[in-house]
Amino acid sequence: MKHRVRYCDLLRFIAIISVILIHVVADFRQLYLLENRNYYFLFTIVDSLARTGVPLFFMFTGMFLLNSKKEEKYSEFVKKTIKKLVIPLIAVSFIYYIYDCWALESTSFSLFDFVTGLYSNKIKYHLWYMYSIILIYLLIPFLRVGIQHLKKKELRNLIILIFVLGFCTSTLTQFCTYFELPTFEGISYPTILTQINYLFLGYYLYKYKVAERLRRPLYVLGIISFICIPILDYILMTGVRWEPFSPPERIFPFFMTIALFVFVKENYDKWLVSEKLEKFFALLASLSLHIYLLHVLVLEFSRKVIYYFITPVGLWQNLLMFICLLLITSVGTFALSYTLKKIILFCKEKVNKKIDNSLVSV
């Protein structure tokens, strides 16, 4: 049985809720972008709270896969990746495509359009993460060999180097673009490298303890980063929502994620979390991939049904609608994911039983 990292289950729960929160609040931010800038700022604060979600998911991959000592052939690793990530991506993409054909009555089913959308990542907006993580998985065996041979200081320096060349230049480029100044295109790193840096960060923070004297500055940086995102967004945003400082490859989510990770890791045992709650977090952790893939389907269907009967007017009604959608999406996706997992396990057991019976009869 694998040893559970209990604080990681809590962090995974936070990551799941954060991702759902980002997608639920998006429509309300868009609604008030031109209608009322103060209300837009209010919903942007809520959005900023959730910007540690995706970086945490990348960090979990680094924690467990880069730390693994298991030796296996690369072909076997690729097969596992296809089974774990590629097949679910294709299956859920098809579900979203069918749903859109039904929800958008002007869109008719076309196998060619589905295949085109699948390989060009145009099926559904949140699935970009799957394309990134599949590519990263294919690199894991090579990254693991190099990272495990690095000393603590060497690994820390590598993370800092990628942070400066990737995260810092990416963030400064947003300012340069807004003020029409020359950008850092000549030295900017591809987004995939900043995502891989979260893997290195997860591996580092899991393996090494952060000195107590450094924790408070990290927490302060995290809080300052959280404050900066909505303020800078409010100042620089004009008629189009382009989110200059909230994506994972910017410095602010980076500092927020480090602060949250270290805070939970260092204090989890002090909180004396009940056994029942820990089991709940562990269950959610086991469903995290299903929840990520399916939550937008539940959100869009719920929104379509609710808005058919009710059209919220004013801030308070929209706040109430936001809370309702968040709760319905969270609970509904959990129930759907749990049911789907049970069905998959049941089917696997039936198939394995038939195979075993066939072998016995032979």
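All values below come from the heavy atoms of this structure, side chains included, with hydrogens, waters and symmetry mates left out. The model shown is predicted, which means the values in this text are computed figures rather than measured ones. Throughout, residue positions are numbered sequentially from 1 according to the sequence presented.
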Peer 1: Quick one: salt bridge (Lys or Arg N to Asp or Glu O under 4.0 Å) partners of Asp100, sequence neighbours excluded?
Peer 2: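 In terms of salt bridge (Lys or Arg N to Asp or Glu O under 4.0 Å), with neighbours along the sequence ignored, Asp100 is linked to Lys124.
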Peer 1: Only counting residues at least two apart or in another chain, list the ones meeting side-chain hydrogen bond (donor to acceptor under 3.5 Å, both in side chains) with Glu249.
Peer 2: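 For Glu249, no residue satisfies side-chain hydrogen bond (donor to acceptor under 3.5 Å, both in side chains) once neighbours in sequence are set aside.
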Peer 1: Quick one: list whatever passes side-chain contact (heavy atoms from CB on, under 4.5 Å) with Phe175, sequence neighbours left out.
Peer 2: Thr171, Phe179, Leu232, Leu236, Phe245
Peer 1: For Ile306, give me all partners under side-chain contact (heavy atoms from CB on, under 4.5 Å), at least two apart in sequence or on another chain.
Peer 2: Met321, Leu325, Ile328
Peer 1: List, by chain and number, the other hydrophobic cluster members for Leu320, where Ile, Leu, Val, Met, Phe, Trp and Tyr join if side-chain heavy atoms come within less than 4.5 Å, directly or indirectly.
Peer 2: none
Peer 1: Under the side-chain hydrogen bond (donor to acceptor under 3.5 Å, both in side chains) rule, collect the residues that match up with His290, sequence neighbours excluded.
Peer 2: none
Peer 1: List the atom pairs, with distances to 0.1 Å, where a side-chain N or O of residues 159-168 and a protein N or O form a donor-acceptor pair under 3.5 Å, not counting sequence neighbours.
Peer 2:
none

Peer 1: Check salt bridge (Lys or Arg N to Asp or Glu O under 4.0 Å) between Lys279 and all other residues, then give those that pass, not counting sequence neighbours.
Peer 2: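 Only Glu275 meet the salt bridge (Lys or Arg N to Asp or Glu O under 4.0 Å) criterion with Lys279.
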Peer 1: Would you mind writing out the side-chain donor-acceptor pairs for residues 63-72 within the sub-3.5 Å range, not counting sequence neighbours?
Peer 2:
residue, atom, partner, partner atom, Å
Ser68, OG, Lys70, N, 3.2
Glu72, OE1, Lys80, NZ, 3.2

Peer 1: Which residue pairs satisfy the salt bridge (Lys or Arg N to Asp or Glu O under 4.0 Å) criterion with at least one member in residues 215-227, sequence neighbours excluded?
Peer 2: Arg215-Glu266
Peer 1: By side-chain contact (heavy atoms from CB on, under 4.5 Å), which residues pair with Ala285, not counting sequence neighbours?
Peer 2: Arg4, Asp9, Arg12
Peer 1: Could you work out, with side-chain contact (heavy atoms from CB on, under 4.5 Å) as the rule, every residue matching Glu243, not counting sequence neighbours?
Peer 2: Arg29, Arg51, Arg241, Ser246
